Chemist: 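I'd like to ask you about the structure that follows.
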Amino acid sequence: MQDYSLASDEFLSRQRLLVIAPHADDESFGCAGTMARIKKLGGQVFVVVTSVGDLQHYGDEEQYHFVRGEERKAELARVMELLEVDDYDILFEEDELHERLDQVPRRQLIELLERDGRLAMDRVQPTMVAIPAISYNQDHEAVFRAAHTACRPGLPKRKAFQPIVLAYDNTALFWSLEREKFHPNFYVDISAFLDIKVQAVCLHASQRRPSIHHSSPENVKHMAYSRGKEISVEAAEAYMCLRFML
């Protein structure tokens, strides 16, 4: 029986992954296991979080729970240290833009992701880009649209080209319009890295939800097991492959 793990390890070890996340925690829900595996194998990982800011959440004991952007930034820093990423950046820290990225001109978002941001594609030159799958959240949709455009093909001598472009999973994607449903066709075995993924999600402590909630750490683990069963491994992260060029 052919062992595909060696080929997979060799492939991932050569990747220079750029993860683009609407908010701090999306990178962990979607890609923490993949990031940890790539780093373990000697590849490189960079993360761009689009927005961090103050926000009121629905609470468990009170109707509303206020979370400060500085708290989210501190949580993100701990996650980035855990995952040993090569570098990370936050594009917007203004409270008035958090959860309002649909009000930012798309051209501005594209330019930040493509060439103007500190970890823009032109500078990082990623071989693999992971962007959020489109969802009901207005920030996720805005970032998906901008990142998808930023990854458009062009002349390689004039514009950075990303051979692999993936849209990553999220625990909230079940609440999507039929035409926007998430249909995974690219998987990464994270069986050896599931504990790190769950730990990363838990480090975003202000976002932690009780076990019955779809974004709870317990459900993150359940989803990883479910995705794993789809490809006959213990645990996996799933993606929609938007481009794969060899």
Side-chain angles (χ1 to χ4, degrees), residues 11-32 34-35 38-39 42-53 69 72-73 76-77 79-80 83-135 137-168 170 186 239-246:
F11 170 78
L12 291 173
S13 71
R14 293 185 281 108
Q15 298 309 313
R16 187 174 174 86
L17 171 65
L18 174 63
V19 177
I20 298 173
H23 312 117
D25 74 0
D26 292 317
E27 83 295 328
S28 295
F29 282 121
C31 310
T34 301
M35 289 191 278
I38 287 176
K39 285 300 301 178
Q44 293 179 291
V45 174
F46 301 85
V47 177
V48 171
V49 172
T50 313
S51 175
V52 170
R72 301 292 300 276
K73 286 175 60 179
L76 177 65
V79 172
M80 297 295 95
L83 297 177
E84 300 181 344
V85 304
D86 293 272
D87 203 354
Y88 74 97
D89 191 25
I90 301 171
L91 296 183
F92 297 107
E93 298 183 33
E94 298 89 343
D95 296 336
E96 60 271 16
L97 290 180
H98 190 57
E99 293 284 0
R100 296 176 177 85
L101 291 176
D102 54 328
Q103 298 180 16
V104 178
R106 188 181 299 177
R107 179 172 178 176
Q108 182 181 355
L109 284 175
I110 293 167
E111 289 174 345
L112 285 167
L113 297 173
E114 193 172 43
R115 61 173 183 260
D116 293 341
R118 189 173 65 82
L119 296 180
M121 295 180 196
D122 281 1
R123 299 178 181 182
V124 173
Q125 298 282 317
T127 59
M128 178 186 287
V129 178
I131 68 178
I134 197 167
S135 78
N137 185 286
Q138 66 280 354
D139 281 10
H140 284 236
E141 180 174 4
V143 174
F144 169 83
R145 298 291 184 192
H148 185 262
T149 300
C151 290
R152 67 194 183 281
L155 294 174
K157 292 183 179 180
R158 296 184 180 179
K159 180 184 181 299
F161 181 76
Q162 307 78 34
I164 303 170
V165 181
L166 308 171
Y168 56 81
N170 186 288
F186 187 104
Y239 302 84
M240 284 179 59
C241 185
L242 305 177
R243 180 166 66 225
F244 193 105
M245 188 191 81
L246 295 176

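FYI, the numbering just counts along the sequence from 1. On a predicted model such as this, the values are computed, not experimentally measured, just so you know.
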Chemist: Can F161 and L155 be said to form a side-chain contact (heavy atoms from CB on, under 4.5 Å), step by step?
Modeler: CA-CA 8 Å; F161 181 76; L155 294 174; over 6 Å; no

Chemist: Output, in order, the C-alpha distance, side-chain angles, deciding distance and verdict of side-chain contact (heavy atoms from CB on, under 4.5 Å) for Y88 and V45.
Modeler: CA-CA 9 Å; Y88 74 97; V45 174; over 6 Å; no

Chemist: Run the side chain to side chain donor-acceptor pair (under 3.5 Å) test against D87 and tell me which residues pass, sequence neighbours left out.
Modeler: R118

Chemist: Where do M128 and L18 land on the side-chain contact (heavy atoms from CB on, under 4.5 Å) test, with the steps shown first?
Modeler: CA-CA 6 Å; M128 178 186 287; L18 174 63; over 6 Å; no

Chemist: Taking the side chain as C-beta and beyond, is there a heavy-atom pair between H140 and H23 under 4.5 Å?
Modeler: yes

Chemist: How long is the gap from CG on L109 to CG on D116, to the nearest 0.5 Å?
Modeler: 11.5 Å

Chemist: Just checking Q108: does its CD atom have more than 12 heavy atoms from other residues, nucleotides or ligands closer to it than 6.0 angstrom?
Modeler: yes

Chemist: Step by step, work out the side-chain contact (heavy atoms from CB on, under 4.5 Å) result for M80 and E27.
Modeler: CA-CA 10 Å; M80 297 295 95; E27 83 295 328; 3.9 Å; yes

Chemist: With sequence neighbours left out, what residues match Y239 under side chain to side chain donor-acceptor pair (under 3.5 Å)?
Modeler: T34, E237

Chemist: Could you pull out all residues at least two apart from D86 that satisfy side chain to side chain donor-acceptor pair (under 3.5 Å)?
Modeler: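 Checked D86 against side chain to side chain donor-acceptor pair (under 3.5 Å); matches are K39.
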
Chemist: Applying side-chain hydrogen bond (donor to acceptor under 3.5 Å, both in side chains), which residue pairs with at least one partner in residues 43-53 are found, sequence neighbours left out?
Modeler: R16-Q44, S51-H98

Chemist: Kindly say whether Q162 contributes a backbone atom to a donor-acceptor pair with the side chain of R243 at under 3.5 angstrom?
Modeler: yes

Chemist: Would you confirm whether D139, through its side chain, and R100, through its main-chain N or O, come within 3.5 Å as a donor-acceptor pair?
Modeler: yes

Chemist: Is it true that a side-chain atom of Q15 and a backbone atom of F11 form a donor plus acceptor pair closer than 3.5 Å?
Modeler: yes

Chemist: Output all residues satisfying side-chain contact (heavy atoms from CB on, under 4.5 Å) with R145, sequence neighbours left out; order by chain, then residue number.
Modeler: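 Listed in chain order: R106, I134, E141.
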
Chemist: By the salt bridge (Lys or Arg N to Asp or Glu O under 4.0 Å) test, which pairs, at least two apart or in different chains, include something from residues 119-130?
Modeler: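 Listed once each, the pairs would be none.
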
Chemist: So, do F244 and V165 sit near enough that their side-chain heavy atoms are less than 4.5 Å apart?
Modeler: no

Chemist: Are the side chain of K73 and the backbone of A24 linked by a donor-acceptor contact shorter than 3.5 Å?
Modeler: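 Not confirmed, K73 side chain does not pair with A24 backbone.
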
Chemist: Look at the side chain of E93 and the backbone N and O of L91, then say whether any donor-acceptor pair between them is shorter than 3.5 Å.
Modeler: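 Answer holds: no.
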
Chemist: Is a side-chain donor or acceptor of R14 paired with a backbone partner of G43 at a separation under 3.5 angstrom?
Modeler: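 No, because the side chain of R14 does not come within donor-acceptor range (under 3.5 Å) of the backbone of G43.
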
